[in-house]
Protein chains: 2
Amino acid sequence: MMKIGELSKVVGCSVQTIRHYEKEQLIASAERSEGNFRLYDEAAVEQLLFIKHCRSLDLSLPEIRQLLALNRSPGAQCDDVNRMMDRHIEQVEARIQELTKLNKQLRMLRRSCSNRRTVEQCGILRNLSATPVSSG
Amino acid sequence: MMKIGELSKVVGCSVQTIRHYEKEQLIASAERSEGNFRLYDEAAVEQLLFIKHCRSLDLSLPEIRQLLALNRSPGAQCDDVNRMMDRHIEQVEARIQELTKLNKQLRMLRRSCSNRRTVEQCGILRNLSATPVSSG
DNA sequence: ATAAACTGTATAGCAACTATAGAGTCAATC
DNA sequence: GATTGACTCTATAGTTGCTATACAGTTTAT
């Protein structure tokens with residue numbers, strides 16, 4: 001059994017994050033030592049790694065909670081998992097599209113000013129004051 | 001002179017947002033009527049549109065505050081504006097790269113499970129329990 | 001006079017942590 | 001046995017850019 005500091009090093013996330021996950025019910029309340037310190041076993045390590053992996057894929061804490069729940073009922077159909085992943089992929093792709101469009105607008109705006117001008121002549125500021133650039 | 005509700009309709013942002021911008025010092029404290037209502041003129045409309053345009057480009061409120069300050073000193077060099085834009089563009093492009101990588105991983109993961117399996121057989125959950133997918 | 005619509009301030013909530021304060025616990029050293 | 005240092009505990013505030021709510025006051029229309 002290890003204390004929270006060791007667990008934090010093993011899985012590579014901060015002590016506060018672990019306590020946060022406990023409060024958010026992503027991991028069960030840990031056993032406590034006589035002195036009220038949290039105690040963890042190998043199962044806790046695995047679960048935290050699972051969560052960490054999900055987070056690296058930008059899954060939200062509620063989504064992860066749902067996955068963990070599904071994981072606990074192995075006989076259930078996994079359609080829910082698939083639906084969640086599909087929705088998540090859609091969101092990521094939508095965000096990429098948004099940012100790509102944004103990037104074009106920013107580059108266009110940036111081209112409207114070279115250095116060494118005064119603010120008064122600055123094409124960027126002038127353009128920002130005008131009507132928003134069209135999306136084309 | 002118009003009240004905050006009218007301004008909100010004219011520029012297309014919520015009343016709370018306008019009050020929020022005032023608190024954050026993006027716009028000056030508005031004049032008040034006898035009954036303590038905020039009163040705005042055309043200049044306020046223009047400034048809010050400027051802010052709205054910047055926000056549509058995902059500039060942060062501190063960045064916008066800085067641009068507004070520069071706008072007020074028209075003789076200054078606009079290098080700062082250019083630097084800010086460059087940094088911002090870099091950030092957006094970095095985020096696009098991150099999300100693109102993420103998207104690949106998610107799609108790979110999604111392919112590991114088709115519908116109608118049980119959770120126990122679900123490739124997604126199995127993969128999430130394993131070591132994080134490599135970036136390649 | 002009254003009701004509806006608007007405005008005011010203050011406060012909490014979102015997401016997923018991070019940082020801080022102040023107190024208690026534990027192991028090692030003097 | 002006292003002290004030091006490293007660790008842990010809880011509770012709370014801060015991050016970002018709003019949004020939503022509660023409750024009170026103002027204005028406008030009927």
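Letters A, B, ... mirror the listed sequences (proteins, then strands); counts begin at 1. Computation of the quantities below employed the complete heavy-atom set of this structure, encompassing side-chain atoms and omitting hydrogens, waters and symmetry-equivalent molecules. What you are looking at is a predicted structure, and each value in this text was computed from that prediction instead of being measured.
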A.B. asks: For Lys23(B) and dA10(C), what is the distance between atoms NZ and P respectively, to the nearest whole Å?
C.D. replies: 8 Å
A.B. asks: Taking for each residue the nucleotide of DNA chain C bearing the nearest heavy atom, is the 5' side occupied by Arg19(A) or by Gly35(A)?
C.D. replies: Arg19(A)
A.B. asks: Does one hydrophobic cluster hold both Phe37(B) and Tyr21(B), with members joined at side-chain heavy-atom distances below 4.5 Å?
C.D. replies: no
A.B. asks: Counting just side-chain N and O atoms, does Tyr21(A) come under 4.0 Å of either OP1 or OP2 of dC17(C)?
C.D. replies: yes
A.B. asks: Please round to the nearest 0.5 Å and tell me the distance separating atom OG1 of Thr100(A) and atom NZ of Lys104(A).
C.D. replies: 7.5 Å
A.B. asks: Of the options dT12(D), dG17(D), dT25(C), whose atoms approach the side-chain atoms of Phe37(A) most closely?
C.D. replies: dT25(C)
A.B. asks: If the cut-off is 4.0 Å, is Thr17(A) near the phosphate of dT18(C), judged by side-chain N/O to OP1 or OP2?
C.D. replies: yes
A.B. asks: Going by the side chain to side chain donor-acceptor pair (under 3.5 Å) test, name the single residue among Asp79(B), Asp86(B), Asp80(B) that passes it with Arg83(B).
C.D. replies: Asp80(B)
A.B. asks: As a test of reading the structure: which of dG17(D), dT10(D), dT7(C) is closest to the side chain of Ile4(B), going by heavy atoms?
C.D. replies: dT7(C)
A.B. asks: Rounding to an integer number of Å, can you tell me how far Ile27(B) CD1 sits from dC18(D) P?
C.D. replies: 12 Å
A.B. asks: Map Gln16(B) and Lys3(B) onto DNA chain D by nearest heavy atom, then report which one ends up closer to the 5' terminus.
C.D. replies: Gln16(B)
A.B. asks: It should be established whether Ser14(B) places a side-chain nitrogen or oxygen under 4.0 Å from OP1 or OP2 of nucleotide dT19(D).
C.D. replies: yes
A.B. asks: Measure CD/Glu34(B) against P/dG25(D) and give the value in whole Å, please.
C.D. replies: 18 Å
A.B. asks: Flag the pair His88(A) / Asp58(A) as yes when at least one side-chain heavy-atom distance between them is below 4.5 Å, and no otherwise.
C.D. replies: yes
A.B. asks: Is any side-chain nitrogen or oxygen of Arg38(B) closer than 4.0 Å to OP1 or OP2 of dT26(D)?
C.D. replies: no
A.B. asks: Measure the distance from CD1 on Ile18(A) to C1' on dC17(C) and round it to the nearest whole Å.
C.D. replies: 13 Å
A.B. asks: Nearest to the side chain of Arg32(A), which nucleotide is it out of dT10(D), dC17(C), dC18(D)?
C.D. replies: dT10(D)
A.B. asks: Using the side-chain heavy atoms of Leu61(B), tell me which of these nucleotides is nearest: dT7(C), dT21(D), dC18(D).
C.D. replies: dC18(D)
